[in-house]
Every structure is written in structure tokens, then in C-alpha cells.
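Read the structure below first, then the notes.
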Amino acid sequence: MAKHKAIPPGFMTVGEVAKKIGVTVRTLQYYDNEGLLSPSAESEGGRRLYTDKDLVTLHQIISLKSLGFSLDDIKHRLISLETPTDVANALTEQADSIREKIEQLTASLAAIEQLKEEVLQMQTVNFKKYADIIVNLQMKNGSYYLIKRFDDDTLDHIRNRFDKESGLNFVDRFNRLRDEIIELQKASVSPESEKCQRIVKEYWGLIMEFTNGDMSMLPKLMEIGNIDTATNAWEERQKIVNEYLEPALQVYFSKLGVNPFEEVQG
């Protein structure tokens with residue numbers, strides 16, 4: 001590192017850099033110790049001296065830090081600034097990181113707005129349900145609003161029965177099967193048909209998987225699934241499924257010689 005008796009033109013002291021960029025002298029000293037940004041020169045009196053190029057590098061560091069990158073990550077992301085192309089590449093990467101952050105913040109904002117709407121529809125304060133809704137929003141589970149229809153016992157069953165991976169897998173299989181059922185309804189496929197009965201068998205299998213064979217849960221599921229007036233797209237589709245499946249399930253249970261719903265209600 002070059003040493004100068006006086007501060008030459010084009011160089012700045014650590015205090016001047018700190019004031020220009022809006023950071024503390026201690027921060028600059030810390031970045032120096034961590035090997036992120038060392039001064040380009042030093043005066044004979046030991047004063048750290050920085051250049052305009054150092055300012056650009058410092059701006060890189062501060063921008064990446066504001067985006068949540070650790071200092072170790074920043075070390076590996078800093079780009080050499082020897083040519084105009086180097087500077088352009090640094091700015092491009094910085095812009096890409098900012099766009100990614102904006103997307104994340106936009107998604108977080110949408111999740112908060114969704115949570116607010118769900119909270120307003122709930123009659124009482126229930127932080128356990130709020131937490132479940134937040135978790136499912138973060139997992140991008142499109143069926144998150146079902147949670148407000150579940151009572152505490154059913155929610156406890158779901159928490160114990162499924163983890164994140166198995167829960168999302170179950171929801172995915174349920175939604176895909178529901179889409180198949182809606183297609184059958186649109187095509188006016190008879191509930192007695194072999195195709196419909198195959199789907200009904202699979203649908204009933206999912207219900208048994210959800211309950212883990214606990215038939216005492218069926219009345220609750222019937223209550224949760226009963227939709228008189230749909231208030232959102234999910235409920236509208238489920239209402240179609242319910243209306244189509246009711247006679248199909250009767251045919252299915254008739255062939256089995258047993259009706260689980262009648263048994264638990266009886």
C-alpha cells in the first residue's frame with residue numbers, strides 16, 4: 001500500500017468517505033478488517049485513504065448487505081471494477097438482486113393482505129389458526145383458507161398427521177383429483193360409469209388417508225365440506241364436486257354394501 005506525506009488529490013480520508021456514503025468510520029474499519037474493502041493508500045501518519053473506485057465498491061457492499069447477503073456472501077459476489085464492462089456487470093448483478101428482492105417483498109405483501117382478509121372473516125382471535133394460515137401462505141398452498149373452516153381438534157389432527165412435505169403432497173393429489181371430477185361433471189359422465197366409480201374410489205381413499213381411518217371424523221368433514229353459498233373460487237369448485245359426487249358415492253357404497261356416513265350418523 002502506498003504511503004503519502006499529505007493527502008494527494010483524488011484521495012479521501014476514512015471520515016470523508018463515511019460522511020459521503022452515510023456510514024460510520026467504525027463500519028469502514030470493520031470492512032477493512034474483514035477483507036471486504038481495504039483503503040487504497042495510507043498517509044505517513046497512518047490515516048486510511050480511499051479513492052472514488054473504493055466508493056463504488058463500498059456502494060456494492062452496502063447494496064448487497066441491504067438485500068440480506070452475509071458478509072461472506074458479499075466477498076464472493078464483489079466484482080472487479082477495472083473496466084466499464086466490469087462496472088456494468090456489477091450494476092447488472094445488483095439490479096438482478098434488487099428485482100429478486102422486490103419479487104420476494106411483493107409476495108410477502110400479497111401474503112399479508114391475504115392473511116388480513118382471512119383474519120377479518122374469522123369471528124374470534126385465534127393465533128393458532130393465524131400461524132397455520134401464515135405457514136400455508138409461505139408454502140404457497142392455495143387451499144390455505146380452508147383452515148378457518150377447521151375446528152381446533154381437526155387442526156391438531158392435521159398437524160399430527162402431516163408434515164410440510166406430506167401435507168403439500170396430499171393437497172396436490174386432492175386438487176388434481178378434484179379437477180378430474182369437475183371434468184367428468186362437465187362431460188356429463190354418469191355417476192354409475194366405470195370411469196366415475198374409479199375416481200370415486202380414489203376420492204374415498206384420500207378421505208380415509210386424511211382421517212387415518214378414524215370414522216368419527218366424518219361428521220366434521222361433512223360439515224366442513226358442506227358449502228351452501230360459495231364465497232371464493234375454491235369453494236365454487238368444491239360445490240360442483242360435492243353435487244356431482246353425492247350420487248356417485250351412493251352408487252359406490254351401494255356396491256360395497258355399506259354406507260360409512262350413515263353408520264357414523266346413526
Side-chain angles (χ1 to χ4, degrees), residues 114 117-118 121-122 129 132-133 135-266:
Q114 288 173 318
E117 293 302 318
E118 295 304 326
Q121 293 180 39
M122 295 167 67
K129 281 192 178 183
D132 282 331
I133 291 173
V135 168
N136 279 272
L137 283 170
Q138 290 177 333
M139 292 192 303
K140 302 190 185 315
N141 178 5
S143 304
Y144 67 88
Y145 39 77
L146 274 174
I147 293 169
K148 69 178 184 295
R149 299 175 68 95
F150 294 145
D151 60 18
D152 288 339
D153 289 340
T154 305
L155 285 174
D156 283 337
H157 169 80
I158 293 171
R159 295 182 192 107
N160 294 328
R161 183 79 178 86
F162 301 98
D163 58 20
K164 177 180 177 179
E165 184 177 354
S166 62
L168 284 175
N169 177 268
F170 180 88
V171 170
D172 181 61
R173 286 185 289 133
F174 179 85
N175 286 335
R176 281 193 284 114
L177 187 61
R178 191 181 63 159
D179 290 342
E180 287 186 51
I181 292 170
I182 290 175
E183 289 304 313
L184 293 181
Q185 187 270 344
K186 287 181 179 178
S188 300
V189 176
S190 169
E192 293 88 359
S193 70
E194 181 179 344
K195 190 173 185 179
C196 178
Q197 287 300 301
R198 177 182 58 80
I199 295 292
V200 168
K201 181 180 180 180
E202 191 174 346
Y203 189 89
W204 180 246
L206 284 179
I207 292 176
M208 290 297 96
E209 182 181 340
F210 179 86
T211 63
N212 201 24
D214 183 359
M215 294 298 186
S216 66
M217 292 189 66
L218 291 181
K220 287 183 180 179
L221 291 181
M222 291 173 65
E223 182 179 347
I224 292 168
N226 184 35
I227 300 170
D228 292 326
T229 303
T231 60
N232 54 56
W234 192 96
E235 290 181 351
E236 287 175 2
R237 293 176 72 81
Q238 189 60 40
K239 196 170 187 295
I240 294 171
V241 169
N242 291 347
E243 292 170 354
Y244 180 75
L245 276 188
E246 186 175 351
L249 280 169
Q250 290 177 358
V251 173
Y252 178 72
F253 292 137
S254 176
K255 291 180 179 179
L256 290 180
V258 62
N259 190 327
F261 290 99
E262 290 180 355
E263 290 182 5
V264 294
Q265 288 177 329

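The first residue of the sequence shown is numbered 1, and numbering continues consecutively from there. Small disclaimer: the values here were computed from a predicted structure and weren't measured.
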Taking side chain to side chain donor-acceptor pair (under 3.5 Å) as the test, write out the residues that go with [X], two or more places apart.
X      : answer
Arg173 : Asn169, Glu209
Asn160 : none
Ser193 : none

Mind checking side chain to side chain contact (heavy atoms under 4.5 Å, CB included) for Ser254 and listing every partner two or more places apart, or none if nothing turns up? none
Got a sec, which residues hit side chain to side chain contact (heavy atoms under 4.5 Å, CB included) with Ile240, two or more places apart in sequence or on another chain? Ile182, Gln185
Contact check, side chains of [X] and [Y], non-hydrogen atoms, under 4.5 Å:
X      : Y      : answer
Cys196 : Tyr244 : yes
Leu245 : Ile199 : no
Leu256 : Phe253 : yes
Lys186 : Ile181 : no

Test side-chain contact (heavy atoms from CB on, under 4.5 Å) applied to Asn242 and Gln238, step by step: CA-CA 6 Å; Asn242 291 347; Gln238 189 60 40; 3.0 Å; yes
Tell me which pairs pass salt bridge (charged side-chain N to carboxylate O under 4.0 Å, His left out) where either residue lies in residues 243-256, with sequence neighbours left out. Lys239-Glu243
Pairs involving residues 190-205, ordered by first then second residue, that meet salt bridge (charged side-chain N to carboxylate O under 4.0 Å, His left out) (sequence neighbours left out): none
Residues in ring pair (Phe, Tyr, Trp, His ring centres under 6.0 Å) with Tyr203, at least two apart? Phe174
So which atom in Met215 and which in Trp204 form the shortest heavy-atom distance, rounded to 0.1 Å? CE-CZ2, 4.5 Å
Considering residues at least two apart in sequence or located in another chain, which fulfil the salt bridge (Lys or Arg N to Asp or Glu O under 4.0 Å) criterion with Asp179? Arg237
Pairing donors with acceptors under 3.5 angstrom, does anything connect the side chains of Asp214 and Thr211? no
